[in-house]
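Per chain, numbering begins at 1; letters A, B, ... match sequence-line order.
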Amino acid sequence: MAAQVSVELFGSLTQFTGGARTVTVEAATIRDLLARLAEAHPGLAPQLDRGVSVSIDGKIYTEALFQPISPDSEVVLLPRIAGG
Amino acid sequence: MQIHVATKVNGDETEFLCDPEETLLDVLRDRLGLTGAKEGCGTGDCGACSITVDGRLICACLMLGAEAQGREIATIEGMAAGEALHPLQQKFLDHAALQCGICTPGILVAAKNLLEKNPDPTETEVRYWLAGNLCRCTGYDKIVRAVMDAAAEMRGA
Amino acid sequence: MRYEAPNTLDRAVDLLAAEGGVTRILAGGTDVLVQLRSGMIEPDLILDIKRIDGIYDIVQEAGGYRVGAAVPGAMLGEHEGVSAMWPGVVEALELVGSTQVQGRATLAGNLCNASPAADSVPAMIAAAATVRLHGPDGTRDVPVEEIGVAPGKTSLKKGEIVGSVFLPPRSDRAGDAYLRFIPRTEMDIAVVGAAVSLSLDGDTVADARVSLGAVAPTALLVEDAAKALIGTTADEAACTALAAAASAACNPIDDKRGTVDFRVKVAGVLATRAAKIAMARAKGDA
Amino acid sequence: MAFDEYDSETRIFSAVGTRPVRPDGVDKVTGRALFGADMSAPGMLTGAILRSPHAHARIKSIDTSKAEALPGVKAVVTRADFNAEADNADVLDNCMAGEKVLYDGHALAALAAINPRVAQKALRLIEVDYEVLPHVTDVDAAMAPDAPVLRAEGGNESVPEGLSKNVMSMCEFGHGDLDKGFAEADLVIEKSFKTAAAHQGYIEPHACLASLGADGRGELWVCTQGHFVVRNICADLLGMDSTQLRVVASEIGGGFGGKTTVFLEPVALALSRKASRPVKMVMSRSEVFRATGPTSSTSMDIKIGMTKDGRMTAGLAVNRFQGGAYPGAPVDMGAMCSFACYNLENVKSVGYDVICNRPKQAAYRAPGSPMAAFAVESVVDMLCQELGLDPVEVRIKNASREGTKASYGPRWPRIGLEETLEAAKAHAHYKAPLGPNQGRGVSCGFWFNHGGETSVSLALSQDGTVALSVGTPDIGGSRASMCLMAAEELGIPYDKVRTTVVDTASLGYNDVSHGSRVTYASGLATIKAARDAKQKLCARAAKIWGIDPDAVTWEDGMAKPSGHNAGDHDPLPFSKLCATMGRTGGPISGHFEATPEGAGVSFATHLVDAEVDPETGATKVVRYTVIQDAGKAIHPAYVEGQFQGGAVQGIGWALNEEYIYGEDGRLQNAGFLDYRIPVASDLPMIDTEIVEVPNPGHPYGVRGVGETSIVPPLAAIANAVSRAAGVRMTELPMSPPRILAALDAQDG
């Protein structure tokens with residue numbers, strides 16, 4: 001049973017959430033989170049398709065769709081992190 | 001028409017045919033299979049193709065193959081004596097004086113030429129002698145240390 | 001493309017004269033090979049002068065030195081006589097390129113490439129050096145400052161070739177120096193070059209020549225700058241006048257290596273610094 | 001416990017932390033090592049590319065008939081010879097232009113001939129009819145409403161209304177209330193900055209040898225940071241199955257991010273397919289500069305507020321990065337890095353990704369972060385100067401630390417910024433007196449680091465040695481680190497392990513060697529594969545002893561009964577278990593295939609003393625010290641090497657390196673003569689201090705170290721030069737003409 005998770009978005013995404021900086025969706029994993037976000041806020045879909053990283057309690061995940069998220073976790077959406 | 005050239009490479013009598021436009025670097029790499037000298041720029045600005053001709057340090061990219069007639073050429077491939085590394089080669093390993101290693105053959109050839117002329121160089125002399133050998137990985141610190149250390153060891157030996 | 005490496009100057013002149021297409025002289029090759037590779041030149045004949053008898057000779061002549069056209073910087077620097085008499089010329093040639101380039105690059109080649117930024121050219125001009133040209137009509141001696149006429153262009157006639165550079169004799173109370181400005185410490189083309197050659201009468205400058213590079217289409221012989229020094233002890237007032245005259249002579253361009261303002265200002269700075277070194281050398285202090 | 005967690009708090013290392021000779025060392029000092037351009041094949045042709053002389057033009061027609069007719073020419077390709085449906089459309093367009101050429105040096109045709117001379121001659125016979133279009137190469141000019149437009153479709157949904165169509169995307173990060181924060185400050189400084197595009201400057205030009213047969217099976221030898229990615233992209237661009245292409249990574253002569261994509265490779269394959277012969281392609285240096293990735297040039301506005309006692313109250317950064325002719329400038333990374341070093345209640349960082357008529361930018365060591373740090377750290381220094389505060393103390397006071405909220409969102413896990421600052425404060429360098437015309441600069445820097453998809457295989461041999469196969473090209477000595485970690489885990493000597501970077505047919509997928517990920521991710525994979533092998537070895541020992549596998553432990557390179565209850569058995573050493581493995585159950589290999597997600601961020605503090613000649617504007621770097629958190633240094637000599645190399649690349653970027661475009665939109669300095677990377681005589685020794693604050697996401701605590709080292713130098717040098725010269729430098733490079741002009745402007 002998935003719980004409600006609060007996700008902090010980065011500033012430029014707030015134009016697609018009616019200005020909300022933090023949105024709440026029902027999610028148990030990163031996969032759920034991304035799917036629910038796209039459903040609830042279709043304007044986010046292009047950015048989600050281009051790729052994002054998700055920070056859960058300060059640890060940044062770039063690929064791990066099945067990473068569990070607990071309801072009290074601090075969750076932050078980030079652009080996809082890469083490197084040189 | 002191709003030019004016939006007879007020369008000596010790392011002590012071996014060598015003959016080759018080349019086009020007049022071909023550089024000595026082209027000849028070494030493409031005709032003689034000696035790929036230790038690298039082409040980093042083709043304009044004498046990086047030193048990756050450093051070799052010696054009659055004992056003078058030069059860039060092989062700035063000399064035509066045709067000019068090699070009767071000369072004595074030394075490349076990185078001739079630096080170690082069989083299994084025994086030259087002290088510079090060993091010091092480069094000991095000091096981790098290479099990262100990617102593309103500049104290493106040219107730097108070793110240049111450093112060997114320096115120590116033959118000046119067995120006890122200062123840090124500044126090493127840096128200026130090697131100014132024509134670009135290294136993008138190391139910041140030169142460990143290279144300079146390795147050359148100084150090799151010089152000290154060779155003076156002691 | 002044809003490659004020829006004749007053994008005599010006469011043969012070299014004949015080959016050059018007979019070639020109807022584009023020719024290039026190959027001395028050190030440090031410019032020619034770069035131009036070949038980039039496709040900037042497509043010569044029909046490359047004439048390698050390094051097999052010519054005597055082309056590597058440095059000989060004493062009339063109290064000065066005659067330097068063969070194929071003598072590279074490394075060899076010139078190893079020559080004690082030339083280094084003692086014309087340290088400014090030697091250090092100027094030794095500034096060209098890397099140690100590797102020093103194994104090949106020559107005074108004659110640096111001159112005939114006709115770059116306004118060539119390091120050895122201002123030094124040779126300040127030294128009142130001449131070159132001996134060999135051509136179909138015989139030989140002639142020409143002051144260095146008359147060789148370059150525009151970037152990449154010389155006054156050499158069809159079939160002519162530089163056989164040697166002559167560095168004239170000078171008094172014991174004389175000195176020369178060359179300084180250039182580059183963004184790094186090595187490997188760059190001069191943004192500004194300044195050469196000063198002077199001789200002393202007591203502590204007073206009796207005669208001087210000042211030449212600047214990279215501040216005009218060709219290297220300049222700046223007589224006003226020399227005048228600022230002559231008759232002085234190269235004191236601060238003289239140096240200020242020298243700097244002003246040097247800066248005033250500049251006619252530079254803005255390019256990827258420097259700006260007009262920078263070149264004008266630094267030409268004065270370097271001329272002054274070079275004059276101080278030349279003074280010290282003339283006095284035997286350096 | 002997750003596989004990627006630190007488990008070595010009390011561990012005493014034996015191999016890790018030592019400085020053995022690297023396994024590829026002898027090959028590299030004797031000239032035997034084979035790099036991209038060093039391979040040849042029977043019947044090989046030479047490929048060459050025709051490049052646009054125009055910054056922006058429509059290709060009306062290309063006539064290759066004369067080139068094809070030249071004796072010795074075996075194949076000619078243009079865009080039509082590639083997959084029109086490629087997923088990587090921008091990459092394809094960058095490798096081979098379609099309707100338009102978008103920058104000076106853009107490829108638009110290629111051919112293969114029997115030798116380089118014929119190939120060059122043939123290139124000149126290709127006739128192209130161009131319609132030259134207006135161009136723009138400056139980031140601010142490209143954002144102007146009337147700028148020439150490169151792509152009619154404009155940017156994505158994130159771009160606000162009213163901006164130029166050259167703005168591809170916008171991003172924004174931060175939290176708090178800026179107005180409130182600035183109101184709390186005693187001093188607010190606002191300043192604009194610009195940085196020039198810098199090239200990665202690897203000494204080895206791009207090179208490859210391709211062979212693609214009529215049966216659709218191909219082989220590719222290439223110098224790259226990631227041969228699996230090369231395989232996938234080439235397969236896409238050529239419309240073939242990825243596994244039909246086997247890619248072998250040669251030794252690589254430097255990459256620094258610039259060899260994480262493809263340029264020549266798909267072209268060489270297309271030529272080979274058409275000619276049915278192997279084709280070798282090697283870029284000239286001028287091609288490297290004109291057509292491969294430099295980093296972005298940038299324009300940035302910074303505003304920071306500070307109280308008299310040095311507390312930063314608010315920070316605002318607006319970053320405009322041009323990324324060449326295609327979207328993808330690392331401005332999102334840059335904007336996230338702007339204030340990463342500082343614990344700010346009120347912070348905002350904005351980024352605009354802008355295209356213009358320059359080569360497509362490629363990643364360069366901590367992409368985006370050095371420029372962002374240059375601007376922010378310069379303003380921090382200005383505030384310190386004006387308020388009379390110590391720049392290290394101020395940074396300690398405001399430093400990000402465990403539990404504080406990063407300017408880009410998350411709370412920090414365990415990080416080492418404060419430790420690097422304390423080390424700087426205590427360092428002899430920071431206390432040393434300065435000479436005339438000298439100034440001291442301080443800067444901090446940050447980079448995320450990356451994990452990425454990783455596979456390794458660790459095969460045991462009967463003689464007690466280990467063959468470790470990895471898929472991440474070794475760009476700076478990583479094979480030595482892998483050998484050390486495998487030796488550490490297995491308890492065997494370093495020289496009993498051989499690490500090989502194997503081809504794409506020999507191992508599962510591996511991400512590119514980027515993001516400072518190799519020692520972290522392939523290292524973690526190696527440790528886990530070794531643990532997997534140890535478990536199998538213990539199981540064999542259990543079989544031999546006839547006891548339960550759980551009753552066997554691995555210690556000091558031997559299987560031992562775990563306690564008295566397990567029975568009295570002589571320990572079985574690694575070599576003995578290997579010797580008998582064929583008869584005790586068969587070959588043993590350890591494996592790891594996963595995507596480690598615990599990459600630890602790395603912070604650094606740099607100190608530099610610079611001397612400025614007030615008459616010429618020339619800068620000399622007199623002393624330089626790098627202090628960086630490595631988490632755990634596996635091979636300290638190569639960690640130091642990363643610190644030193646990054647610092648010197650940053651010095652070059654700060655002082656002399658820049659892409660210079662003429663009014664005609666052509667690159668004016670496409671060579672090492674006028675693209676001035678530092679030479680040996682420009683530099684002092686680069687002192688290093690390795691700080692070790694373990695990364696919670698790696699068994700040994702490793703943090704990537706390759707990228708952070710290039711982040712602080714731009715600002716550190718700018719701060720030193722500005723203090724030495726007495727005038728604030730806000731534009732890179734700080735070339736002598738620029739410094740002299742600033743000095744004159746101040747005097748005037």
Using non-hydrogen atoms only, which part of [X] is less than 4.5 Å away from chain B: side chain, backbone, both, or neither?
X	value
D/L34	side chain
D/I677	both
D/P116	neither
D/Q200	backbone
D/E251	neither
D/V288	neither
D/F256	side chain
D/A647	neither

Criterion side-chain contact (heavy atoms from CB on, under 4.5 Å) on D/M685 and B/R145, from CA distance to verdict: CA-CA 9 Å; D/M685 291 297 186; B/R145 288 179 201 276; 3.6 Å; yes

Over all atoms of both residues, closest heavy-atom pair of [X] and [Y]:
X	Y	answer
B/A131	D/S681	CB-OG, 3.5 Å
B/D94	D/V21	OD1-CG2, 4.0 Å
D/Q644	B/T138	CB-O, 3.4 Å
B/G139	D/V648	CA-CG2, 3.4 Å
B/G40	D/F672	O-CE1, 4.0 Å

Determine, stepwise, if the pair D/T30 / B/I76 fulfils side-chain contact (heavy atoms from CB on, under 4.5 Å). CA-CA 6 Å; D/T30 55; B/I76 185 64; 5.6 Å; no

Side chain / backbone / both / neither for [X] at chain D, heavy atoms under 4.5 Å:
X	result
B/F92	side chain
B/L85	side chain
B/L98	both

Minimum side-chain heavy-atom gap [X]-[Y] below 4.5 Å:
X	Y	value
D/R32	B/E77	no
D/I203	B/K38	no
B/T43	D/L673	no
D/D38	B/R29	yes

When only pairs under 4.5 Å are counted, which of [options] shares the most heavy-atom pairs with chain B?
options	result
D/P20, D/P205, D/A33, D/S286	D/P205
D/G645, D/G31, D/A207, D/A680	D/A680
D/E204, D/R117, D/K28	D/R117
D/G201, D/G477, D/G254, D/G671	D/G201

Tell me whether B/Q99 contacts the main-chain N or O of D/G641 through its side chain, where contact means a donor paired with an acceptor under 3.5 Å. yes

How about residues 112-125 of chain B versus chain D: which residues have heavy atoms under 4.5 Å apart? B/E123

N-O pairing of B/R136 and D/E657 below 4.0 Å: yes

Might you work through the side-chain contact (heavy atoms from CB on, under 4.5 Å) test for B/E39 and D/R285, ending with a clear yes or no? CA-CA 9 Å; B/E39 179 164 314; D/R285 180 53 56 181; over 6 Å; no

